[in-house]
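Predicted model, so just to flag it, every value in this text is computed and none were measured.
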Amino acid sequence: MTLAVWQIIALILVAAGINLDRRGLSLTHARPAIVGLICGLILGDVNSGLYIGGTFTLMSLGVAAIGGSSVPDYGVATIIACAFAQTTGQGPEVGLTIGLPVGMLGVQMDVLFKICNSFIAQKAQRYANEKEFKKMYTIMLLSPVMVAVFMSFPTAVALTAGAPLVQAILDVLPAWVTGGLSVAGKLLPGLGIAMLLHYMPAKKYFNYILIGFVVSAYIKVPVLGVALLGTALAYKFYTDNEARATVGFAGGLEDE
Amino acid sequence: MTLAVWQIIALILVAAGINLDRRGLSLTHARPAIVGLICGLILGDVNSGLYIGGTFTLMSLGVAAIGGSSVPDYGVATIIACAFAQTTGQGPEVGLTIGLPVGMLGVQMDVLFKICNSFIAQKAQRYANEKEFKKMYTIMLLSPVMVAVFMSFPTAVALTAGAPLVQAILDVLPAWVTGGLSVAGKLLPGLGIAMLLHYMPAKKYFNYILIGFVVSAYIKVPVLGVALLGTALAYKFYTDNEARATVGFAGGLEDE
Amino acid sequence: MTLAVWQIIALILVAAGINLDRRGLSLTHARPAIVGLICGLILGDVNSGLYIGGTFTLMSLGVAAIGGSSVPDYGVATIIACAFAQTTGQGPEVGLTIGLPVGMLGVQMDVLFKICNSFIAQKAQRYANEKEFKKMYTIMLLSPVMVAVFMSFPTAVALTAGAPLVQAILDVLPAWVTGGLSVAGKLLPGLGIAMLLHYMPAKKYFNYILIGFVVSAYIKVPVLGVALLGTALAYKFYTDNEARATVGFAGGLEDE
Amino acid sequence: MNREPVLTKKDCVKGACRWSLMAVTTFNYDTQLAPAVVFGIGPLLRKIYPDDDEYVEALNNHFRYFNTHPWVANLVLGATLALEDKEGISAADAVQNIKVSLMGPLAGIGDTLIWTLLPTILGSIAGYMALEGNPVGTILWLLTNVFFIAVRTQLMWVGYREGTKLITKFGGKIAQITDAASVLGLTVVGALAATVVTAKTPLTFQMGEVNMALADLLDKILPSMISVLTVWALYKLIGRKGMKVTTIILLVILFSMVCSAFGILA
Amino acid sequence: MNREPVLTKKDCVKGACRWSLMAVTTFNYDTQLAPAVVFGIGPLLRKIYPDDDEYVEALNNHFRYFNTHPWVANLVLGATLALEDKEGISAADAVQNIKVSLMGPLAGIGDTLIWTLLPTILGSIAGYMALEGNPVGTILWLLTNVFFIAVRTQLMWVGYREGTKLITKFGGKIAQITDAASVLGLTVVGALAATVVTAKTPLTFQMGEVNMALADLLDKILPSMISVLTVWALYKLIGRKGMKVTTIILLVILFSMVCSAFGILA
Amino acid sequence: MNREPVLTKKDCVKGACRWSLMAVTTFNYDTQLAPAVVFGIGPLLRKIYPDDDEYVEALNNHFRYFNTHPWVANLVLGATLALEDKEGISAADAVQNIKVSLMGPLAGIGDTLIWTLLPTILGSIAGYMALEGNPVGTILWLLTNVFFIAVRTQLMWVGYREGTKLITKFGGKIAQITDAASVLGLTVVGALAATVVTAKTPLTFQMGEVNMALADLLDKILPSMISVLTVWALYKLIGRKGMKVTTIILLVILFSMVCSAFGILA
Ligand SMILES: OC[C@H]1O[C@H](O)[C@@H](O)[C@@H](O)[C@@H]1O
Ligand SMILES: OC[C@H]1O[C@H](O)[C@@H](O)[C@@H](O)[C@@H]1O
Ligand SMILES: OC[C@H]1O[C@H](O)[C@@H](O)[C@@H](O)[C@@H]1O
């Protein structure tokens, strides 16, 4: 059984939509259960859609993109799985095994477009400085466009050219490309912190950085605990400054 | 074999006495071995007394009432066990199984009278403020009376009306009463700390509270370690204050 | 097969040499593999030497003398093992079992000569104060002599009088002597720290000692972490002092 | 505010006896061992403060929260008596801070050594012997207790004596010391706020094979959350106008029963 | 520098919507959520700063690194808007510090509750039901999301309101507060430097039966070594004259590919 | 007190060689590596202090406790030589503090990398090959050692050079820096006090099935108790009038033998 053109288009749009949604509005948040339900409606087989969506949902419990990390795209995996369960006619199980590798590709796609986003961000800031505020906003809209294109690309290829081509591409991609991208995705969040340090008084107050580091790296206190400690230190810093000012003023008066 | 009236009275007095003693003098500290020996002497069967006392002693190793928490009353358990070993004529083993649940009731009784103690304490303080110092002392004596009555009550019921009645009462008591009391016994010690905070400079120096909290909650440093750290902080605070005073005085003289 | 006199002498010299080397130059660092190779060359059986050296090397992986602690002398163990493998003619395995206990004796010998070193060090310092600088240097040379003698002594005894004598000595030595020495070797490093405290401003800044202690003893932060924390504290101390001076100078000017 | 000390060794022994007899008997959830403190050292305070108003002030100060290991408490009480005996009612805040700073650590040590170690050793000896019908271990235990009772009668005096020494050394800096003691006290209180409430939640979310304990989750968000939230809520409640401690206690009991009934806390 | 506030509740809702639609979409590795911040609250800033130069300055300030849980971010942004609305561009540094101090802890809480707890509960319900062909759990999940979308539109306004209250309280001490906020911010940044880079080295030395993982070894020398060294190296690189962020990103990618190819990092 | 530096690279290489040959050979329990320091850099100090009295003072300063990883020690000694060469004997306290602050952390790093990691790698290669009769691994190990010997001859000079740079930067603030270095040093010493004594007590109380290790108990009361108590007792002993270090050492040995005989320590 092959898919109608409108179904293919709809599924590609779903792939784009859930990925935009996951990064912003969070109506579906690309949750497999929800995506499965939608695909089921499009493909006219709600039961398979729910079954596949349910399976991927349970598989992805606890997987969350935090701190800017990239995770497999279980939403797209669900779409592919639903489609191929239908076309191959061999049911959900086969769909699941075809869907998963395509979903895994989501990590690399995510790293890629986040890298591209850097250029957009820089361009936007340049426009700001040139007081081209309209352009500043407009260029930023490229990001959602990119998300839509990048993240629906694997789906489009798989649905038009067939899963074997996707697999072939995956096989041809050398490990150092995919692996390298995911390593980059793990190293690059450090760039943000490094930039932060550049426009904070990092040298003057490096002792506080050190304390935060020791407490986190050696003692494994989570960031909320560090922040509570930091609050204590900041308050002491503040009151000491006040006291210094007062004493400087009152001077000898206070002395015994 | 039934107990003589003097034996019943003696055992009830033992129940009262060991509970007073446990909270103050600590001559017997309601230790099962010691209680068993005494009961053995009263009942004329030292061997059973020692056996039951020894068993409950080993069972209760490591159980200690700390930080105002309430623990099972193994002393009373021993009394009941000794008495029923005798009256049922079925020996120590049967006594142990009857004694234990009665002892468990000790947790609830303890919570109850500690709650009542609040009222006595408040009354005593009121007398102090009215300069009725005699009355202040007298009212406090209600506490030991209450301990004696509350903690010997289960023993009295069991020995006069029989263990089945105690069990029946235990069965009838809804779980939310017994459970609720023991939860209250775990929550209420927080009240003391909350009151402490009200008459210490908690807001002015909240940073130190925060530090103590982080070090204890996140890093699990026991209170002695926290106190050592607190000592270091207090000393720094003290010397900084001194230095501030001196500098305020000496002012420009010291400067380069 | 008995050893030639030159072989015995050579082996004793090796025992002295590797122990000097281990404490200074670190060319061989008394590593069993290297010692085994050398012994093999001396005894004309490189294979056995390598086998014994290799075995002891793998056995001693991770064993390191740190913080002034004393460790078994696997170098000497190798020498003895090589020699007796040859003389008994029963091969490496027998050598290993004879070599090990002699090597173990290294702990006690090491503690002993470190104790003697105290006297040399004191003498040297006395010469320094008497401005007898030549003598100061000369007396220190006693230390290497002592190392050579002490650490080659077991080898000398074993090779001349036979391993049984060494074993006999070991058996005769009461446990409290050998045990006592190794306990002393674990307690005495504390002496250095105690002396340090005497000529540092330990009382004036005892709060920092306390912090270091708590962080190390309770929180198990390794010394590098403690030093990072200490750096943060020292910097704060430094800038606070500066600020105090400045404020003392600027005084009322800065105030609101 | 420097006065001639009036307390004698005899007074301190008397204080120790009165205190030791009462101790945990008057334990209540808001001020814990405080009433027993008043009962124990009240007569000594009277001697220090012949003036009724000062006496009342001192009593009120000691009616405040205090909790530590009851045997070791003698030392603390003795030391603060030394302070009051020397500095009079002006030392009230310092007395308070010293009690608060020392109570936590000393409770930790006393509870470990005296409530846990000692009974484990003596109890296992006595227990095993008793099982064999031999009362020797039990009698040994009783005798040990007699010995400790004797020691305890002296401890308040020891505290008084050592306290006097310290005060002489740091004399005249009572204000600064009070402040520094607050710093220490509050650090300890911060730690206590994390540990004093021991109630836990047994709630778990069970979904098919997924099993998530709420307690673990709370711990991940903020460790000791239940304890610190309870203290915080009680702190806020106490601050409310017209809210009596008695009412709060009843509220907590009610709350506990509801939570227990629904399996929210245990 | 005290001005009459101009933002209304309507503005804040608009800001929240713009922000919520963009959020992680513009995520990039150097400034992370910053572009979305500008996109979201840019129009509000324009209202605060009619003057072009000030507007540009404010925009540049918000183009700086910012990352936290996107839902909770509304609160932070609202609070800083309150500050800017009151104090104008002179509050730029304070705005920066507040954002930096709050982002870490709020991310921790949000990621735990909203990205982990919530989907685990709802997901296991929905998942198990879906396996049985029942869409009710899934629809429930959708409805919950709708509910949260509604809540999120209000959060920026909540932040603005509460922020205003705080500012009124601490008014006039902007300089001191900025400094103190730096202390807090840098402490948090020190912790982030230890955790932000999650790459690990899979290298092991295998010699016969001896098997030593390089990762364990690095950890023994300095825990979080890879993370802190990466941050430090990038910090140094950024400092270099003529080194553009773009170049650095490309260098990191190259470096990652090499390390990945040789199995040095994973 | 600013002088013209006199040390050359040749001096430093000579110092490094003398030091490296002696190092742990003169290790004693009270001043540990100090005699070897004097032996190693004594001639260099002579060059800095032509005046006999100053020379004696400098020697006495270096006769004080010092212990770190012997290879890395070169860097520390080089740096302090730079300081003395620039500031003269007035820098004695700073020299002391710098040595104390750096010795702990560098020992930690050196012991991990050089005493543990390196021999584990090289040793397992050499060991396995040797078992098969192949001396290549062993020879490789020897060659590596030769390489490191060469490196070590240069390290004191490196320390001297870098130290000079730092001093120029912070010049003139020697008093403040000494004080701050004390803070760092004492923090490290506090940590060392907890770890330097490694004796443990093997005592256990065994009662029927109850089995309690004294070591666990001590740990519960105060972690690192034996270490810190030992240091504290020795500290008190040293302070005693007429108590010589020699006597203390003998006392410790006696004490150790008694404790060992009765199974109290091991
Ligand atoms: O960790 C904070 C935050 O970081 C990034 O912005 C994304 O990964 C978010 O999903 C996450 O909440
Ligand atoms: O924990 C300190 C102290 O708290 C309460 O007063 C009682 O539980 C005592 O038994 C205990 O020693
Ligand atoms: O721990 C530092 C240092 O201590 C002593 O000097 C010796 O044990 C050395 O081997 C070690 O490197």
Side-chain angles (χ1 to χ4, degrees), chain A residues 23-27 33-34 37 47 50 53-54 57-58 61 64 66 68 114 117-118 121 124-125 128 131 140 143-144 147 176 179-180 183-184 186-198 201 205 208-209 211-213 216-218 222-224 226-227 230-231 233-234 237-238 241, chain E residues 21-32 35 39 52 56 59 63 65 104-105 108 111 115-116 120 123 126-127 130-131 133 135 138 142 145 176 180 182-184 186-194 196-199 223-224 230-231 234-235 238 249 252-253 256-257 259-261 265:
Chain A
R23 286 164 179 78
L25 192 61
S26 287
L27 175 60
I34 302 175
L37 180 60
N47 258 0
L50 281 174
T57 295
L58 296 176
L61 285 183
I66 68 180
K114 280 174 177 168
N117 266 343
S118 275
Q125 189 165 7
K131 300 189 181 158
M140 285 197 214
S143 284
V147 168
W176 60 264
V183 167
K186 288 172 183 169
L187 290 179
L188 279 170
L191 185 56
I193 300 295
M195 298 204 60
L196 250 185
L197 287 173
H198 263 285
Y205 299 137
Y208 295 103
I209 302 183
I211 289 178
F213 175 75
S216 169
Y218 282 95
V223 73
L224 179 59
V226 176
T231 306
L233 296 174
F237 185 91
Y238 180 85
N241 268 357
Chain E
L21 284 167
M22 208 50 133
V24 193
T25 309
T26 61
F27 188 100
N28 67 84
Y29 288 116
D30 45 308
T31 62
Q32 310 215 341
F39 186 86
D52 264 13
V56 169
L59 287 177
F63 261 123
Y65 182 92
D111 288 350
W115 280 173
T116 313
T120 306
L131 286 186
T138 305
L142 262 169
N145 286 348
Q176 290 100 309
S182 296
V183 166
L184 168 50
L186 286 169
T187 310
V188 170
V189 166
L192 291 179
V196 76
V197 172
T198 52
S224 303
T230 306
V231 170
L234 291 170
Y235 177 78
I238 294 168
I249 292 182
V252 172
I253 296 172
S256 302
M257 287 180 166
C259 287
S260 173
L265 287 177

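In terms of heavy-atom pairs under 4.5 angstrom with chain E, the leader among A:Ala121, A:Ala128, A:Gly68, A:Pro189 is A:Pro189. Put simply, of A:Thr231, A:Leu197, A:Leu187, the one with the most heavy-atom pairs under 4.5 Å next to chain E is A:Leu187. Highest contact tally toward chain E, considering only A:Gly192, A:Ser216, A:Ala184, is held by A:Gly192 [criterion: heavy-atom pairs under 4.5 Å]. With chain A as partner, the option from E:Val188, E:Leu192, E:Thr26 having the largest number of non-hydrogen pairs under 4.5 angstrom is E:Thr26. Per-residue counts of heavy-atom pairs under 4.5 Å with chain A were compared for E:Ser182, E:Ala261, E:Ala191; the largest is that of E:Ala191. Chain A forms the most heavy-atom pairs under 4.5 Å with one residue out of E:Leu21, E:Asp52, E:Thr31, and that residue is E:Asp52. Annotation: maximal heavy-atom pairing with chain E below 4.5 Å, among A:Leu27, A:Val226, A:Ile211, occurs at A:Leu27. In terms of heavy-atom pairs under 4.5 angstrom with chain E, the leader among A:Ile34, A:Asn47, A:Ile209, A:Leu188 is A:Leu188. Heavy-atom pairs under 4.5 Å with chain E peak, among A:Gly230, A:Pro222, A:Gly53, A:Ala124, at A:Gly230.
The part of A:Leu37 that comes within reach of chain E is its side chain, from C-beta onward, which places non-hydrogen atoms under 4.5 angstrom from that chain. In this structure, chain A has a heavy atom under 4.5 Å from the side chain of E:Leu59, while its backbone stays farther away. Residue A:Val147 touches chain E through its side chain alone, counting heavy-atom pairs closer than 4.5 Å. Looking at A:Thr57, the atoms closer than 4.5 Å to chain E (heavy atoms on both sides) all sit in the side chain, from C-beta outward. Of the atoms belonging to A:Phe237, it is side-chain heavy atoms, and not backbone ones, that fall under 4.5 Å from chain E. The parts of E:Thr138 that come within reach of chain A are both its backbone and its side chain, each placing non-hydrogen atoms under 4.5 angstrom from that chain.
Note that CG of A:Leu61 is 11.0 Å distant from OG1 of E:Thr116, once rounded to the nearest 0.5 Å. Put simply, NZ on A:Lys114 and OH on E:Tyr29 are 5.0 Å apart, with the number rounded to the nearest 0.5 Å.
When all heavy atoms are compared, the tightest approach of E:Ile249 to A:Ser118 is CD1-OG, 3.0 Å. Closest approach of A:His198 to E:Tyr235, counting heavy atoms only: NE2-O, 2.9 Å. Across every non-hydrogen atom of E:Phe39 and A:Met140, the tightest pair is CB-SD, 3.6 Å. Nearest heavy-atom pair across A:Ala227 and E:Pro105 is CB-CG, 3.2 Å. Heavy atoms only, all atoms of each residue included: E:Ser260 and A:Gly180 are closest at OG-N, 3.3 Å. Here the shortest heavy-atom pairing between A:Ala194 and E:Leu234 reads CB-CB, 3.7 Å.
Counting heavy atoms from C-beta outward, E:Ile238 and A:Leu191 have side chains that approach closer than 4.5 Å. Side-chain atoms of E:Leu184 and A:Leu233, non-hydrogen and from C-beta on, never get closer than 4.5 Å to each other. Put simply, the side chain of E:Met22 reaches to within 4.5 Å of the side chain of A:Pro144, judged on heavy atoms. Within the 4.5 Å cutoff, the side chain of E:Ser224 has heavy atoms near those of the A:Phe213 side chain. Residues A:Ile193 and E:Tyr65 have side chains in contact (heavy-atom distance under 4.5 Å, counting atoms from C-beta outward).
Side chain of A:Asn117 to main chain of E:Thr25: a donor-acceptor pair is present (N/O by atom type, distance under 3.5 Å, no hydrogens or angles).
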